[in-house]
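Got a structure for you, questions after.
A note on names: the letters A, B, ... follow the listed sequences, proteins ahead of strands, and every chain is numbered from 1. Values in this document were obtained by computation on a predicted structure and should not be read as measured data. Computed over heavy atoms, backbone and side chain alike; hydrogens, waters and symmetry mates excluded.
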2 protein chains.
Amino acid sequence: MARPRQFDEEQVIRAVRDQFWDAGYAATSLEDLVRVSGLGKGSLYGAFGDKHRLFLKALREYTDTSGGYLREMLTSAPRALDALRAFVMAPANDPGGAAARRGCLMANSTYELATSDPDVLAEARRTYEATTALVAESVGRAQDEGDLPRDVDPVETARALLAAQQGLVFMGRTGLDIDTLTATARTLAAKLLPDG
Amino acid sequence: MARPRQFDEEQVIRAVRDQFWDAGYAATSLEDLVRVSGLGKGSLYGAFGDKHRLFLKALREYTDTSGGYLREMLTSAPRALDALRAFVMAPANDPGGAAARRGCLMANSTYELATSDPDVLAEARRTYEATTALVAESVGRAQDEGDLPRDVDPVETARALLAAQQGLVFMGRTGLDIDTLTATARTLAAKLLPDG
DNA sequence: CGTTTGGTGGACCGACCGGTCAACAATTGC
DNA sequence: GCAATTGTTGACCGGTCGGTCCACCAAACG
């Protein structure tokens, strides 16, 4: 009874997400969004609401996708300890260093908006807690597998690992060269995940 | 031969710095800067140049000031190991949690602008390298004092400590409660600075 | 005290911002 | 094929942006 959409909604969200990722929220204009999405302003508004709502949708797409990757990475490794090492090293796993300089969209958004935007703050907390829980689960598994001592609290260890990882993301954003970043990641992994 | 300035330049820079600190670069308008500085637009331009230059000046004021604090903190402690612990714990040393939520101006600026603004990137690298050198010096001192093992590289350890600290800053920005932040800081300090 | 010099501040500018809307196009049900 | 409905588009809107300019003014000097 009506005209069907002429675009792939997920594809548009991904393009918009990349734009916000590269330039940040405030520095991305509606014209930028029109350009990368290939849609007109009206279509964008009709389908996704205003800039803020569109941003939240893109952010959610990002957290869902990377949360999925994380879950897969943590659960697919034969040994949980190896997965935890890979988790900490992740910010340095970037041959060209391009992704490291781009950073993590959730972290970027937290730094830019969390103090003034309750929705972004809520998404940051949600993501942070989900990630902590996922990592803590793997810490527990590593304990069960005899690779980590029993006397540490999995959740506390997970928080320390997450902090270390985010610190590495920050160092990547300062343009630190990839070799130094890798070395630092290795040092952190060795200190926080002993027994290997 | 001419009319003298009617304002204290340093006081204006500090007010401007706080505004950028609270709201970020893009989200701060010239009107905001006029309000917090108490000056007219013309005076602001005459004295400091355009918004970007004013921002760089405020950023430099911040890095100079906090660099000075850091140097004092690291050198005044009787034992270098204690100073290093305090360095890692710093992001959690904030009773109300307000400063933690505000974060670090240099980190905020890096996340918002480093990918697009070469001046900010350069300042980030400069600060990062200076901080690493300062911390590495204290690591060396802690080794001399017999509080840290001799077999670790001071610079590599300094980078790991800096990453841990910045990771804690990030967690503070997500609104993580201060007790949990403190506990995580303690965990990181214990793992990265053993022998205590 | 008058002239000169530079500081001050707000009116003003063009550009661009996010957002709206009406005319038009494509599809469906009858 | 025609009416109804929804998607699409870009011209257009008021507001705000960063930045400029100039009339005014306070201090310094002869």
Quiz item: Is Lys41(B) touching bases, backbone alone, or none of the nucleic acid, heavy atoms closer than 4.0 Å?
Solution: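 Touches a base.
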
Quiz item: Nearest to the side chain of Asp50(B), which nucleotide is it out of dT8(D), dG19(C), dG19(D)?
Solution: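 From the listed options, dG19(D) comes nearest.
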
Practice problem: Would you mind telling me which of dG9(C), dG19(C), dA27(D) lies closest to the side-chain atoms of Tyr45(A)? | Solution: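 My answer, after comparing the listed nucleotides, is dG19(C).
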
Quiz prompt | Length of the line joining Arg3(A):CZ and dA26(C):C1', which is rounded to integer Å | solution =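 Taking CZ of Arg3(A) and C1' of dA26(C), I get 5 Å after rounding.
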
Quiz item: Nearest-Å distance, CG (Leu39(A)) to P (dG19(C))?
Solution: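 In whole Å, dG19(C) P lies 16 Å from Leu39(A) CG.
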
Quiz item: At under 4.0 Å between heavy atoms, what does Ser37(B) touch on the DNA or RNA strands: base, sugar-phosphate, or nothing?
Solution: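 Here Ser37(B) touches no strand at all.
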
Quiz prompt | Rounded distance [0.5 Å steps], CG in Leu74(B) versus CD in Glu137(B) | solution =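 If we round to the nearest 0.5 Å, Leu74(B):CG and Glu137(B):CD are 8.5 Å apart.
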
Exercise. Let me know the distance between CG of Asp32(B) and C1' of dT16(D), rounded to the nearest Å.
Key: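 That distance rounds to 12 Å.
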
Quiz item: Mind checking whether Phe20(A) and Phe55(A) have parallel, tilted or perpendicular rings, split at 30° and 60°?
Solution: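 The rings of Phe20(A) and Phe55(A) stand perpendicular, inter-plane angle above 60°.
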
Quiz item: With a non-hydrogen cut-off below 4.0 angstrom, is Gly46(B) in contact with a base, only sugar-phosphate, or nothing?
Solution: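 Nothing: the residue Gly46(B), judged by heavy atoms under 4.0 Å, touches no strand.
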
Quiz item: Could you give the CG-to-C1' distance, from Leu33(B) to dG19(D), as a whole number of Å?
Solution: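 Taking atom C1' of dG19(D) as the reference, CG of Leu33(B) is at 13 Å.
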
Quiz item: Where the side chain of Glu112(B) meets the backbone of Gly24(B), is there a donor-acceptor pair that is under 3.5 Å apart?
Solution: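 Checking the backbone N and O of Gly24(B) against the side chain of Glu112(B), no donor-acceptor pair under 3.5 Å is found.
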
Quiz prompt | Contacting residues from residues 6-15 of chain B, given that a heavy atom lies under 4.0 angstrom of DNA chain D | solution =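 The stretch gives none, as no residue of it lies under 4.0 Å from the strand.
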
Quiz item: Tell me: CD of Glu31(B) to P of dC17(D), nearest whole Å?
Solution: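 It works out to 6 Å between those atoms.
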
Quiz prompt | Carboxylate-amine/guanidinium contact Glu10(B) Arg14(B), below 4.0 Å | solution =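 Yes.
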
Exercise. Please determine if a side-chain N or O atom of Ser29(A) lies less than 4.0 Å away from the OP1 or OP2 oxygen of dC17(C).
Key: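 It does, given that an N or O in the side chain of Ser29(A) lies less than 4.0 Å from OP1 or OP2 of dC17(C).
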
Quiz item: For the pair made of CG in Leu30(A) and C1' in dG18(C), what is the distance, rounded to whole Å?
Solution: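 Going from CG in Leu30(A) over to C1' in dG18(C) covers 5 Å.
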
Self-check item: Check: Arg17(B) side chain, Tyr62(B) main-chain N or O, donor-acceptor pair, under 3.5 Å
Solution: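 Side chain of Arg17(B) to backbone of Tyr62(B), a donor-acceptor pair under 3.5 Å: no, none is there.
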
Quiz item: Under 3.5 Å, is there a donor-acceptor pair between the side chain of Asp147(A) and the main chain of Ala142(A)?
Solution: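 Side chain of Asp147(A) to backbone of Ala142(A): no pair is present.
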
Quiz item: How many Å lie between CG on Leu54(A) and C1' on dG18(C), as a whole number?
Solution: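 The answer, rounded to whole Å, is 12 Å.
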
Practice problem: State plainly whether the residues Asp144(B) and Arg141(B) are in salt-bridge range, i.e. N to O under 4.0 Å. | Solution: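 Salt bridge flag = no for Arg141(B) with Asp144(B).
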
Quiz prompt | Which residue lies more 5' along DNA chain C, comparing Ser43(A) with Ala26(A) via nearest heavy atoms | solution =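 So the residue in question is Ala26(A).
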
Quiz item: Given atom CG of Leu44(A) and atom P of dT6(D), what is their separation to the nearest angstrom?
Solution: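 Atom-to-atom, Leu44(A) to dT6(D), this comes out as 20 Å.
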
